[in-house]
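None of the values given here were measured: they were computed from a predicted structure. Computed from heavy atoms alone, side chains included, the values below leave out hydrogens, waters and symmetry copies. Proteins come first, then strands; the chains are lettered A, B, ... in the order of their sequence lines, and each starts at number 1.
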There are 2 protein chains.
Amino acid sequence: MEERDRLEAYLRDRGLKMTVARETVLRAFLGLERHVSAEELYDEARRLDPSIGQATVFRTIKLLADAGLAREACRDDGARQYEHAWKHGHHDHLMCVRCGAVVEFQDDAIERAQEAVYSAHGYVPGGHRLELLGLCPACAGTGGGKGSA
Amino acid sequence: MEERDRLEAYLRDRGLKMTVARETVLRAFLGLERHVSAEELYDEARRLDPSIGQATVFRTIKLLADAGLAREACRDDGARQYEHAWKHGHHDHLMCVRCGAVVEFQDDAIERAQEAVYSAHGYVPGGHRLELLGLCPACAGTGGGKGSA
DNA sequence: CTTTCTGCAAAGTGTTTGCAAAAAC
DNA sequence: GTTTTTGCAAACACTTTGCAGAAAG
């Protein structure tokens with residue numbers, strides 16, 4: 001498991017230890033497909049090991065983010081979210097505001113246009129966050145004209 | 001004050017009342033230039049009227065957002081932020097990760113590329129959030145190579 | 001006068017921290 | 001054996017809510 005190796009290398013590098021709990025959280029994280037809140041991750045980790053503590057999950061997900069395995073994202077309702085970052089390349093999100101469906105996409109034209117913006121302002125690129133909101137085909141078809149739930 | 005009119009219209013429309021406290025929060029919000037957390041807004045409102053309550057500020061900023069005067073944005077560290085939305089048109093943010101400098105920009109190429117993404121996936125556009133992170137010219141010049149403070 | 005609003009303080013989230021026992025090295 | 005880690009529970013930051021008195025319409 002490449003991700004495990006990555007985590008172990010990261011830990012060893014900093015004089016930290018590879019523990020069962022950390023491996024459990026990693027497995028829980030890898031098992032969940034996308035955008036997980038820390039609490040969802042906690043639930044999943046508990047399924048793998050009911051004795052795991054909440055604090056451990058919070059501490060470990062930060063570690064994963066630091067090790068480059070998880071990427072942090074912020075959600076409107078306050079809860080932080082994490083998504084896979086290892087070998088997942090960069091992508092942005094297209095989200096349906098009605099049903100919550102999420103499409104991950106990668107668009108060269110957007111990336112290039114962003115580079116141009118950086119240049120125009122003399123900034124050195126250092127990552128970005130893009131979320132496109134709208135209605136998915138299904139919701140747009142079923143009378144999505146009104147924004148109400 | 002156009003914003004005040006807008007708020008009053010919004011309130012009247014929903015059978016709500018235009019109160020001193022609400023006007024205070026509005027003035028505080030307009031007085032602060034950009035990205036404000038609710039707590040900063042609370043501080044500012046208190047400066048205008050020391051007797052104002054925290055809950056009122058929280059309640060009112062939501063009202064402002066709903067009335068189209070403020071726009072909600074999420075920040076990595078959990079605290080929600082608000083920025084001016086009235087007559088501010090759409091814009092995105094270019095932010096220096098080192099000194100926090102923020103440039104608001106609007107780029108047609110990006111907007112057009114986004115439209116294309118919506119079309120490609122059959123989504124109906126409904127707003128987006130874009131944040132470009134990097135180093136501003138000043139920070140890039142002063143040895144910005146290392147991300148440390 | 002009736003309805004909405006306010007400030008307070010208490011409750012509610014989601015997240016972090018202190019600690020002694022336990023695990024990793 | 002020494003150091004880091006763990007789970008628990010309490011603390012913490014930010015936001016919301018219940019309520020009786022006050023203000024707006």
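In this structure, B:I61 atom CD1 and D:dC14 atom C1' are separated by 15 Å, rounded to whole Å. Following rounding to the nearest Å, A:E72 (CD) and C:dG14 (C1') show an atom-to-atom distance of 13 Å. A:Q81 places its CD atom 13 Å from the C1' atom of C:dG14, with the value rounded to the nearest Å. Atom-to-atom, CZ of B:R46 to C1' of C:dG7 comes out at 12 Å; the value is rounded to the nearest Å. Rounded to whole angstrom, the span from the CD atom of A:Q54 across to the C1' atom of D:dT5 amounts to 17 Å. Atoms CZ (B:F58) and C1' (C:dT6) sit 16 Å apart, rounded to a whole Å. Atom-to-atom, CG of A:D43 to P of C:dT15 comes out at 12 Å; the value is rounded to the nearest Å. One interatomic measurement links the two molecules: CG of A:L48 to C1' of D:dT6, which rounds to 17 Å at whole-angstrom precision.
Exactly one of B:E83, B:E131, B:R129 qualifies for a side chain to side chain donor-acceptor pair (under 3.5 Å) with B:H93. That residue is B:E83.
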### Task
Tell me, with the steps shown, if A:E44 and A:R47 meet salt bridge (charged side-chain N to carboxylate O under 4.0 Å, His left out).
CA-CA 5 Å; A:E44 180 66 14; A:R47 212 160 298 140; 2.6 Å; yes
### Task
Before giving the answer on side chain to side chain contact (heavy atoms under 4.5 Å, CB included), spell out for A:L11 and A:L63 the whole-Å C-alpha distance, their side-chain angles and the decisive distance to 0.1 Å.
CA-CA 9 Å; A:L11 293 174; A:L63 230 49; 3.8 Å; yes
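Annotation: of the two residues near DNA chain C, B:Y42 and B:G15, the 5′-most nearest-nucleotide partner is B:G15.
B:A21 comes within 4.0 angstrom of sugar-phosphate atoms only, judged by non-hydrogen atoms across all strands, and of no base. Among the protein residues, A:S51 comes within range of the sugar-phosphate backbone only, with heavy atoms under 4.0 Å from sugar or phosphate atoms but none that close to a base.
Using a 4.0 Å cut-off, some side-chain N or O of A:R22 falls inside it from OP1 or OP2 of D:dT6. Of the side-chain N and O atoms in A:R14, none sit less than 4.0 angstrom from OP1 or OP2 of D:dT4.
Using a cut-off of 4.0 Å between Lys/Arg side-chain N and Asp/Glu carboxylate O, B:R14 and B:D66 are scored as salt-bridged. The pair A:R4-A:E8 meets the salt-bridge criterion, since a charged nitrogen lies less than 4.0 angstrom from a carboxylate oxygen.
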### Contact state string [nucleotides 19-25 of chain C, B base, S sugar-phosphate only, - no protein heavy atom under 4.0 Å]
-----BS
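Taking Ile, Leu, Val, Met, Phe, Trp and Tyr as hydrophobic and joining them when side-chain heavy atoms fall under 4.5 Å apart, one finds A:Y118 in a cluster with A:L94, A:V103, A:F105, A:I110, A:V117, A:Y123, A:L130, A:L132, B:L94, B:V103, B:F105, B:I110, B:V117, B:Y118, B:Y123, B:L130, B:L132. B:L48 belongs to no hydrophobic cluster, as no Ile, Leu, Val, Met, Phe, Trp or Tyr side chain comes under 4.5 Å of its own.
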